[in-house]
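As the structure is a computational prediction, the values presented were derived from the model and not from experiment. Reminder, nothing fancy here: chain letters follow the sequence lines and each chain counts from 1.
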There are 2 protein chains.
Amino acid sequence: MPFIEQASEAIRETGGRFTQQRRLIVELLEGAEGHLDAERLYQLAHARDETVSLATVYRTLNVLEGAGLIDQRYLSHSHERKVYEPVGASEHYHFTCTGCGRVIEFETQRVQRLKEALEVGLGVRVEHACLCLEGLCYACRTQQEGR
Amino acid sequence: MPFIEQASEAIRETGGRFTQQRRLIVELLEGAEGHLDAERLYQLAHARDETVSLATVYRTLNVLEGAGLIDQRYLSHSHERKVYEPVGASEHYHFTCTGCGRVIEFETQRVQRLKEALEVGLGVRVEHACLCLEGLCYACRTQQEGR
DNA sequence: GTATGTGCAAAACCTTTGCTATAAA
DNA sequence: TTTATAGCAAAGGTTTTGCACATAC
């Protein structure tokens with residue numbers, strides 16, 4: 001099912017309303033190449049529809065997250081701001097280059113395996129795992145190494 | 001070398017001054033059983049020495065982090081606040097129970113291996129890795145499961 | 001003595017919330 | 001028509017900063 005319909009249904013199921021502002025925000029999230037933070041999402045939405053406010057962006061993001069449709073992530077070590085992306089099928093994580101700002105996505109089973117190891121070893125149930133990786137990408141690394 | 005001396009030397013090496021406030025904050029960080037956030041550190045420090053302000057706590061934490069003496073961590077999924085701890089020899093990470101708030105420390109080589117895999121696979125240099133795990137500890141999990 | 005550090009209060013920053021009007025159902 | 005959602009602006013919580021005074025070196 002397309003993401004917009006998923007969102008529309010999920011919101012309506014809980015008695016919520018699929019307003020034009022919410023529709024626009026959902027469309028932008030779906031179409032985004034990269035990872036949007038609230039401010040950027042607001043800029044994009046506001047450019048298309050002046051009636052969208054930053055408060056509505058935040059409220060909509062929280063609604064969508066509550067419905068399990070998007071994930072919050074932190075990309076930087078300092079975690080200044082959250083970015084949001086549709087929940088996908090693949091377990092993927094992010095590496096952010098502190099040199100050029102590029103975000104590299106990668107898939108790995110290692111986090112999943114770590115979770116399983118902890119559930120067995122510590123007897124816990126892991127509900128959230130956040131992994132933020134930072135450093136230099138290949139281009140920035142070789143450039144810094146002076147060649 | 002004791003942590004206090006390390007800190008004293010590191011600060012002085014960069015032309016900094018090892019003031020009484022900084023000494024106290026370093027002592028508290030070293031002696032802490034758990035993971036202190038800035039507010040808690042301020043409470044402890046201020047109780048012992050009224051001249052310590054919250055601003056000085058933050059400034060000192062930043063100086064110590066810059067000198068590589070302490071690490072910032074986020075324990076919760078929502079990352080509301082940072083906690084600080086001396087840089088240790090062991091690679092350890094944290095699991096926070098959302099039921100009772102308990103923080104479980106554990107050691108693992110898995111993050112280190114993930115880093116190495118990325119450095120080879122993507123050609124990057126990983127400088128920071130932040131892993132935040134949340135869920136239910138054994139006690140809270142069994143209680144919630146109703147038995 | 002000089003530069004760095006300090007407290008205080010105000011600002012910065014991202015995010016949430018109270019209120020009244022609006023619009024989805 | 002009913003009730004959730006909107007915008008706006010103000011508040012929230014954590015962290016940083018400007019300034020004048022204090023203090024480590």
Discussion item. Closest approach to the side chain of Lys82(A), judged atom by atom: which nucleotide of dT16(C), dA24(C), dA24(D) is it?
Written reply: dT16(C)
Worksheet item: Atom CG of Leu54(A) to atom C1' of dT17(C): distance rounded to whole Å?
Response: 13 Å
Practice prompt. Determine yes or no for a side-chain-to-main-chain donor-acceptor pair under 3.5 angstrom, with Glu127(A) supplying the side chain and Leu136(B) the backbone.
Written response: no
Discussion item. Of the listed nucleotides (dG18(C), dG5(C), dT2(D)), which one gets closest to any side-chain atom of Arg59(A)?
Written reply: dG18(C)
Worksheet, complete the sentence: Against the side chain of Tyr58(B), the closest entry in dT5(D), dT16(D), dA25(C) is dT16(D)
Worksheet item: For Phe18(A) and dT22(C), what is the distance between atoms CZ and C1' respectively, to the nearest whole Å?
Response: 18 Å
Practice prompt. Mind checking Asn62(B) for me? I need base, sugar-phosphate or nothing, with any heavy atom below 4.0 Å counting as a touch.
Written response: sugar-phosphate
Discussion item. Let me confirm one number: the NZ-CD distance from Lys115(B) to Gln109(B), rounded to the nearest 0.5 Å.
Written reply: 11.0 Å
Item to complete: For Gln21(B) and dT4(C), give me the distance from atom CD to atom P, rounded to whole Å.
Response: 17 Å
Discussion item. Does any part of the side chain of Val103(A), heavy atoms only, come nearer than 4.5 Å to the side chain of Val83(A), both counted from C-beta?
Written reply: no
Practice prompt. Could you check which of dA9(C), dT15(C), dG5(C) has an atom nearest any side-chain atom of Arg22(B)?
Written response: dG5(C)
Worksheet item: Mapping Thr19(B) and Ala38(B) onto DNA chain D by nearest heavy atom, which one lands closer to the 5' end?
Response: Ala38(B)
Discussion item. Once you apply a heavy-atom cut-off of 4.0 Å, does Arg12(B) come out as touching a base, just sugar-phosphate, or nothing?
Written reply: sugar-phosphate
Worksheet, complete the sentence: Checking dA24(C), dA24(D), dC8(D) against the side chain of Gln20(A) (C-beta onward), the nearest is dA24(C)
Item to complete: Decide if atom CZ of Arg110(B) counts as having more than 12 heavy atoms of other residues, nucleotides or ligands within a radius under 6.0 Å.
Response: yes
Worksheet item: Quick one: Leu41(A) CG to dC14(C) C1', roughly how many Å, whole number?
Response: 15 Å
Item to complete: Output the single nucleotide from dA24(C), dA9(D), dT6(C) whose closest atom is nearest the side chain of Arg17(A).
Response: dA24(C)
Worksheet entry | Distance in angstrom units between Leu61(A) CG and dT16(C) P, rounded | 9 Å
